[in-house]
Amino acid sequence: MSSDHPHLDLEEIFFTHGGKTHLENLSVSFERGSFSVILGGSGSGKTIFLKIIGGILFPDSGSVFIDGVNTEQSSEPEEKSIRRRVSFVFQDGALLSNLTVLENLLLPLDFHFPDRDRSGKVDLIQRYLTKYSLSDIRDKRPAELSQAQKKLAGFIRAIVTEPEIVLIDEPLASVDQASVRLLLRELQELKQKKTTVILCAQSLGKFELLCDRILIFKDGTVLEDAPPARLKHSQNPVTRELLHLD
Amino acid sequence: MKFKFKYTNRIVGAFILVALGMLVTSVVLIAIQQKVFVKKYTFKARFLDAEGLSTSTPIRFKGYEIGRIISFRLNDENMIDADFTVVEEYRTKIVENSALNKAKNPISGTSTIELLQGPDPDRILPEGGLIPAIDIPEGRKLLDEGLVTKTGDVISSMLVNTDRLLENLNRDNNERAGALFRALVNLADASEKLDETMGMITLTFERLNKDNNPQDGALFRSVNNLANLTEQLQTTVTILNKTLASSDSLLTAYSKPEGLAVKLADPAGENFVKPIRQTLDNLNVTLREATELLAFINSQQPEISGMISEGKTTLNSAQKTLEGINNNPLIRGGISKESEQDVQGTKQRPKHTK
Amino acid sequence: MLVQIADSLGKRFAEKTSDFREFLHFFGESIRQMFLFARQRQVATLVLMRQILFTGFEALTLISLIAAAIGGLIIIEGHLVLGDFGQGQLLNVILVTVIVRELSSLLVAFIIIARSGTAISTELGNMIVNHEIEALQSIGISPLSYLVVPRVFGVVAAMLTLTIYFNIIGLIGGWAVSYAFFPIGLEDFYTGLLSELQVVDVFSSFTKSIIFGFAIGTIACYQGMKVAFASTEVPQRTIKAVVQSLTWVIILDILLTTAFYVI
């Protein structure tokens, strides 16, 4: 965990599936506390990129380093530590359907902090639920929730362990305006806490004020990688289209 | 549903605990029933064979289980040495000069072993003492000397009786042989005589065919034609009558003519058929008696019925053969319907139980 | 033509062996995770308890009904048949052989396959389709240790417990059902029955239920986890889970009965 290393470093990542190359020779680094937005159309490889960082998918070749530790060669305790420090927010929340919201939110806490007092964990979750006005869904199952409620609950599950890196897949897709405000406020808090945030979206939209770096993905490669101010002058038609510059 | 989820742990705990409680109770009950915790005394036993013997075969006395076989092995004399235990409560039942009677249950294939207690109940056999089975010489000696008597539960008694019956059946010219044996001997004699008669009748008909027509079956065809053609019938009958009268002395003893040929040959039936008919009737009576006797035995015990079903099948075959002769189409009206069998007699597999 | 047939057969054989290798890998990894179960009990205990609740407790009514009916029928039929032979005492042997040795574990296995085997493979298949497995992976929880191991343990525990209930209800309930037709005293009935029951019968019944439960749980989980991404795969995998579970339960039953009573 040396500070000489970037917080997150991906080197020469190749990922193929079903005969198609989704990521090709991709090398990117992210500094601690950075807020990055990956923009790209459908099939550009941005979600796969996030899943590889999140330990959900494994690259065919290349390495992922978190604080200088190669995730594939890490020991079991290191691996567990990495997973505690890296969280993933799924597009549809991906709550476990056979558990209540409370049980879903307790899952990462129980797994990463088995020795912590259970009532303390429940209190922590209750505070988050109150903050997001979700107290009444605490004992409900995912099937009984709206899309926005699922997404918010999924977001709480990702941040409840106070991770260092938060990966978010399409955070504002199919979410009502009230929930968008809540999410943006939470993202703002993450940024203030120096949490490394990498989110992927199809358009920059309301993240413009939060992000300090934009990566444009196309066909599994990084087309452009620059701060938003600089990308505004990009002549690349893909970038211009994604940033709605024309 | 929410109630179940809320109290999942409690419900699952109760579900498993009740099952475990029931299991433990059952195991304890089995242990008590099988007297696992009761002190046991071990004795030795010797049998002729190990048929139907298993490590848990019960030893019964007066139909009550007093112990079990725990092990058995083949010894140098090709007999079976077994160890059995007797629970403390019944230890005093094992006295000197006792014997064991092993009888195999034909349905389960397992054996029941009955203790035949010695004459003096005060002379208790020391632990480890040998008790012979009555199918080995030592045991038989005890039986012959009257030191033990065969008694026991219903099945054992039946099996013992079956043994005796088999013994009698196996003894030729034995004065003590029972009714069944005599009936069978008589039947065998009668069958032999009938067999001779049948041979002669066959010979006669062969001759009949040959005398009047070189072609086989001419007589038969002639007789059939005669039934339809009156004039030719008379001529053929005359020839046939002469031939029958002169060629075979046995047919003269036949009475009560019913078949076409005999009717034509001896309408009165006085000379021809009567003697052999009587023999057949007597034989039928004997067979009926034998059948009734077998049916009676069947009704008493399926074990016995199974055992003698082979004998009955033989008798049945003999009866059919005799009936076949008796009911020869030329002599009477055809083969009669098969007499109804006793159901139990056919259900059982014959078993030699000893 | 022959070359084509040989190619086709070779391909199918390769597929089958590949499937089997994959299953063995899954099985081996599941076994490894089973030994690590204690480490993850904080999160996996809930899954285990729910599995026992669903597979065991919720099936108890059905199991009890079937057990009592089967026990009663055996006693009634046994009396009718054996009574004719004067061999009524053999009824205990038949009850022990049919209910304790064979039917209890086999029928409970069939019911568990029908209820829980299908449910497990469907649930896991849908979890894959809904990215729930990915959610677990993102937290760092191994799907095998969190989803498979407690389910297999749950099925085994439920199977074992239900077999105990089946045996006891089959024998007591059987007596109760048949009492209406053939009034036999409970004490007489149990004295005869308990003297026929051997430790090996109880042991074989429980061994079978543990092994059957293990087979059903593992096969159902494996088929569920084999769903790649489409919801249309879920019913196909469920059918495979049922067919394979039934096949293996019968094969294992033959092997275990042979091992206990023949060898």
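Quick note on labels: first sequence line is chain A, next is B, and so on, each numbered from 1. Owing to the predicted nature of the structure, the values given are computational and were not obtained by experimental measurement.
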Counting only heavy atoms from other residues, nucleotides and ligands, does the tally under 6.0 Å from [atom1] of [X] exceed 12?
X        : atom1 : result
A:Glu189 : CD    : yes
A:Phe113 : CZ    : yes
A:Lys194 : NZ    : no

Exercise for the section: Apply side chain to side chain contact (heavy atoms under 4.5 Å, CB included) to C:Leu136 and A:Leu107, showing your working. Expected result: CA-CA 9 Å; C:Leu136 286 172; A:Leu107 201 58; 3.6 Å; yes
Side chain, backbone, both or neither: which part of [X] has a non-hydrogen atom closer than 4.5 Å to chain C?
X        : value
A:Val89  : neither
A:Phe90  : side chain
A:Leu106 : neither

Go through [options] and name the one with the most non-hydrogen pairs under 4.5 angstrom from chain C.
options                                : answer
A:Leu95, A:Leu57, A:Val86, A:Ile82     : A:Leu95
A:Arg157, A:Lys80, A:Glu79             : A:Arg157
A:Pro114, A:Pro142, A:Ala158, A:Gly154 : A:Pro114

Exercise for the section: Would you name the heavy atoms of C:Ser138 and A:Phe88 that are closest together and state the gap between them? Expected result: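 C:Ser138 and A:Phe88 have their closest heavy atoms at CB-CB, 3.6 Å.
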Problem - Heavy-atom pair with the smallest gap, counting every atom of C:Ala135 and A:Ala94 - result: CB-O, 3.4 Å
Fill in the blank from the handout: Value for CZ (A:Phe111) from OG (C:Ser145), rounded to nearest 0.5 Å, stands at 6.5 Å
Handout entry: Interface residue of largest heavy-atom contact number with chain A, from C:Met127, C:Gln137, C:Glu134, under 4.5 Å
Key = C:Glu134
Exercise for the section: Measure the shortest side-chain to side-chain distance between C:Arg50 and A:Leu99 over non-hydrogen atoms and say whether it is less than 4.5 angstrom. Expected result: yes
Practice task
Indicate yes or no: at least one non-hydrogen side-chain atom of A:Leu96 is less than 4.5 angstrom from one of C:Tyr146.
Solution key: yes
Handout entry: Interface moiety of C:Leu46 toward chain A, non-hydrogen atoms closer than 4.5 Å
Key = side chain
Practice task
Please confirm whether the backbone N or O of C:Ile139 pairs with a side-chain atom of A:His112, one donor and one acceptor, at under 3.5 Å?
Solution key: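 Such a contact is found between A:His112 side chain and C:Ile139 backbone.
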